[in-house]
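Report on the following structure.
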Amino acid sequence: MSILVGRDTLLVVQGITGREGEFHTRASIAYGTKVVAGTRPGKGGQTAIDGTVPIFDTVAEAAKQAGANTSVIYIPASGAPDAILESVDAGIRTIVCITEGVPALDMISVVEAVRRAGARLIGPNCPGVTSPGQAKVGIIPASIHKPGRVGVVSRSGTLTYEAVQAMTDAGLGQSTCVGIGGDPIIGTTFLDVLKLFRDDPDTDAIVMIGEIGGSAEEEAAAFAAEHLRGVPMAAFIAGRTAPPGRRMGHAGAIISGGSGTAAEKIAALEAAGVRVADSPTQLPRLLLEAGYRA
Amino acid sequence: MKIQEADAKSLLLAQGLPVPPWEVAHNPDEVKAAAGRFFASGADRVVVKAQVLVGGRGKAGGVKLAATPDEARAVGSSILGMDIKGITVRKVLVGAAADIVKEYYLGAIIDRASRRIVLMASAEGGVEIEEVARQNPGAIHRVSADPEMGLLAFQARSLGLAIGLRDPLLNPFVTIAQGLYATMKANDADLVEVNPLAIVAESGADGKPQQRLVCLDAKITLDDSGLARHPGLEALRDLDEEDPTDAQARKLGINFIHLDGTIGCMVNGAGLAMTTMDLVKHFGGEPANFLDVGGGARHETVRGAMDLILADAKVKAILVNIFGGITRGDEVAAGLIEARGQQSREVPMVVRIVGTNAAEAARLLAEARFETATSLDEAAEKAVAMAKAAAR
């Protein structure tokens, strides 16, 4: 099974002819992802990726003619909100937006439109979603994955790779790895992904990678305390030593007014029975201590 | 991006909000001249306020009253050049001192949890809202603006009623609250705060005493992601308060934050950069900076990042941690080798490069005799040991 993406994923790549779009589409196809279409307005009827992927002018055509049910967006920030809304309008159910630097106020309107349509948006400013052995949508390097039964959810990009690599090195495979993105306004939160993992018969344990800023980790902890007591869980929170009031790279990573600190998040997670690592390399050991057996 | 009070007030004024007149002065003579104009137009006293982008200037002595132009000059002279939390005061705002009847707090923020613009109001104005939130959270009232229709009048009214406002001040409050929302939208701000929003007593056009609501202070931060579509706002960036290394980092497209430690860090990705700092600390060291070279960094960026790190004389060791995804490890390795050939001083360095093109990177680094590490923990431990050895 896995969540969000898998064997049933039929992907349309918005921005397939761009530098990043083309590069990562090749990697997704090499991983076995079914890429059925790309879009590039005005170039409909042509092909991309050495003639293997048809290009459509619109997402609606890609959905209708190629059967696309999932989209990934490699469009610059100025066009990303429009790209998301085009996917929503075309009836795409799962939309993954890799683009960084989308203004937060735009995302407030976009997230609302996505919610009303009953679609799901991952990101923006995220590395994407991989269900190892099934499908890879986004930019997470293929080499770090191993198929298995641990669900991974993270607000960060390269830090996710670090954690997933540590798991794979320890022989712990993953069901799905989800990068939800580091912006203040995102389509899918920790809480949403935890619910999906809870309901996924192929996920037996969960790793969560958070960071300073906001209160999404605390909300996830409250959910874990109530609904995930029997599920082995380990977490890591980046930014224990971050100075308050400074934005640590991600627009969402800031300690403001004394809230959003790593200490608060760690305390909330530990109180919910989640083991919290001092380093991402400790995550596999903590999962085993929590009773998980691969 | 944070902007100064005077600039924030200009943005509020542009949306038609009631902001009393002010002038900005850069030296004591300008303070005196500005004060003279306010006294001439009927002010009893003037207020002189330090313009700095840090909170707590009142407590630090950066806000003072004066009863004559000469006193204003003296007060201005004491505030200009003052150090507030490490920032030297280079300009002050001068305005007529208001006759304050009561102070409120009103702010608009982007609320992550509800994914809405939320307006917050409190009858406990004039103090830091974080302080109110800690001690008396019930005193803060909130409404969420509709993503499509914005802040509706009835919502703003309910906020005004909740903090105790009644006719004839309720409708002006609604206008002000909607104006804060409009200011946020018009400028891609992520915070618009008026603290205090005050009821002031003054004499009306007919000479009779009257009361009205005015924005006595203003604080706005702009969403960096929105700046590109407001070219005019870039001019509000206060270069006086910006560390020169920050400007250099911005040009290179690097996220850089200067810290107090001895271990310079170069990392790709913000979360991993924070984690690298955390591990340095965990192993008994102190990071000298947060530095995210971003995705897809090429060798020029790496060289620029190395210059930024070495510009800090306190740096005793450098830790490079790259997990290649979009970023190619061999590009980073080539940049490091190039940078070492040109760098101003010799500092011990440990390099960890994994992920995309890591094997090629390892070969380059081995040929150039770089100290390397395989795991993140090992890299952090080595860097801490190097910094300690160098300090001896």
Side-chain angles (χ1 to χ4, degrees), chain A residues 20 23-24 77-78 100-109 111-112 127 139-141 143-144 154-162 165 182-186 209 211-216 219 236 238-243 246-253 256-259 262 278-281, chain B residues 54-55 110-113 115-117 128-131 133-134 145-148 184-185 188-190 223-229 255 257 259 267-275 277-282 286-287 290 292 294-296 321-327 354-356 375-377 380:
Chain A
E20 302 300 335
F23 180 81
H24 293 289
S78 57
E100 71 177 303
V102 181
L105 292 183
D106 286 4
M107 286 314 302
I108 289 179
S109 309
V111 163
E112 175 68 7
I139 64 174
I140 304 178
S143 61
I144 62 173
S154 169
R155 250 168 92 176
S156 162
T158 49
L159 178 56
T160 314
Y161 312 165
E162 193 78 50
Q165 181 79 66
D183 280 359
I185 306 293
I186 51 175
I209 315 284
E211 62 186 27
I212 55 164
S215 58
E219 287 152 30
F236 176 75
R240 291 177 190 224
T241 59
R246 304 297 304 264
R247 196 171 67 88
M248 303 303 280
H250 290 158
S256 50
S259 78
D278 292 326
S279 161
T281 52
Chain B
V54 291
I110 291 178
D111 181 54
R112 302 159 187 235
R115 291 178 277 201
R116 296 273 196 278
I117 292 175
E128 279 184 42
I129 195 67
E130 287 87 0
E131 200 54 42
R134 258 192 300 277
D146 184 276
E148 308 297 327
M184 196 159 200
K185 295 283 275 189
D188 268 304
D190 45 31
D223 178 358
D224 293 334
S225 295
L227 278 176
R229 57 186 177 193
N255 279 307
I257 293 173
L259 303 167
V267 188
N268 67 324
L272 191 57
M274 277 190 273
T275 302
M277 284 165 44
D278 294 347
L279 284 173
V280 162
K281 187 114 178 166
H282 180 72
E286 286 292 337
F290 164 94
D292 166 16
N321 182 28
I322 303 293
F323 205 123
I326 285 185
T327 308
V354 292
T356 308
S375 80
L376 174 52
D377 296 22

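Below, chain A is the first sequence line, B the second, and so on; all start at residue 1. Hydrogens, waters and symmetry mates play no part in the numbers below; they use all other heavy atoms, side chains included.
- Using a 4.5 Å cut-off between heavy atoms, A:P141 contacts chain B through its side chain alone, with no backbone atom that close.
- Interface summary for chain B: among A:E162, A:E112, A:R240, A:R246, the most heavy-atom pairs under 4.5 angstrom belong to A:E162.
- Residue B:A189 touches chain A through its backbone alone, counting heavy-atom pairs closer than 4.5 Å.
- In the displayed structure, A:Q165 atom CD is contacted under 6.0 Å by more than 12 heavy atoms of other residues, nucleotides or ligands.
- Side-chain atoms of A:M248 and B:M277, non-hydrogen and from C-beta on, do get closer than 4.5 Å to each other.
- With chain A as the partner, the residue from B:L279, B:D292, B:V267 showing the most heavy-atom pairs under 4.5 Å is B:L279.
- Each of B:D111, B:D224, B:T275 has some count of heavy-atom pairs under 4.5 Å with chain A, and the biggest count is that of B:T275.
- Using modelled atom types, one side-chain atom of B:R115 and one backbone atom of A:I186 make a donor-acceptor pair closer than 3.5 Å.
- With hydrogens and angles disregarded, no donor-acceptor distance shorter than 3.5 Å links the side chain of A:D183 to the backbone of A:I185.
- Looking at A:P280, only its side chain comes within 4.5 Å of chain B, counting heavy atoms on both sides.
- Among residues two or more places apart in sequence or in another chain, the salt bridge (charged side-chain N to carboxylate O under 4.0 Å, His left out) test is passed with B:K281 by B:E286.
- Looking at B:D190, there are no atoms closer than 4.5 Å to chain A (heavy atoms on both sides), in backbone or side chain.
- Under the 3.5 Å distance criterion, with hydrogens and angles disregarded, a donor-acceptor pair is assigned to the side chains of A:T281 and A:S279.
- When each of A:A77, A:G214, A:S109, A:S154 is scored by its heavy-atom pairs under 4.5 Å with chain B, the top score falls to A:G214.
- With a threshold of 4.5 angstrom between heavy atoms, A:E219 approaches chain B through side-chain atoms but not through N, CA, C or O.
- Within the 4.5 angstrom heavy-atom criterion, atoms from both the backbone and the side chain of A:A104 approach chain B.
- In terms of the ring-ring contact (aromatic ring centres under 6.0 Å, His included) criterion, residue partners of A:Y161 (sequence neighbours excluded) are, by chain and number, B:F323.
- Looking at A:F23, neither its backbone nor its side chain comes within 4.5 Å of chain B, counting heavy atoms on both sides.
- Only the side chain of A:S156 comes within contact range of chain B, judged by heavy atoms closer than 4.5 Å.
- With a 4.5 angstrom heavy-atom cutoff, A:V111 touches chain B only via side-chain atoms.
- One distance of note links CD1 of A:I209 with OG1 of A:T160; it measures 6.5 Å at 0.5 Å rounding.
- By the 4.5 Å heavy-atom criterion applied to side chains, B:D188 and B:L227 are not counted as neighbours.
- Between the side chain of A:R155 and the main chain of A:I212, a donor-acceptor pair closer than 3.5 Å is present.
- Contact annotation for B:I117: both backbone and side-chain heavy atoms come within less than 4.5 Å of a heavy atom of chain A.
- Of the listed residues (B:I129, B:D278, B:L259), the greatest number of heavy-atom pairs within a distance under 4.5 Å of chain A belongs to B:D278.
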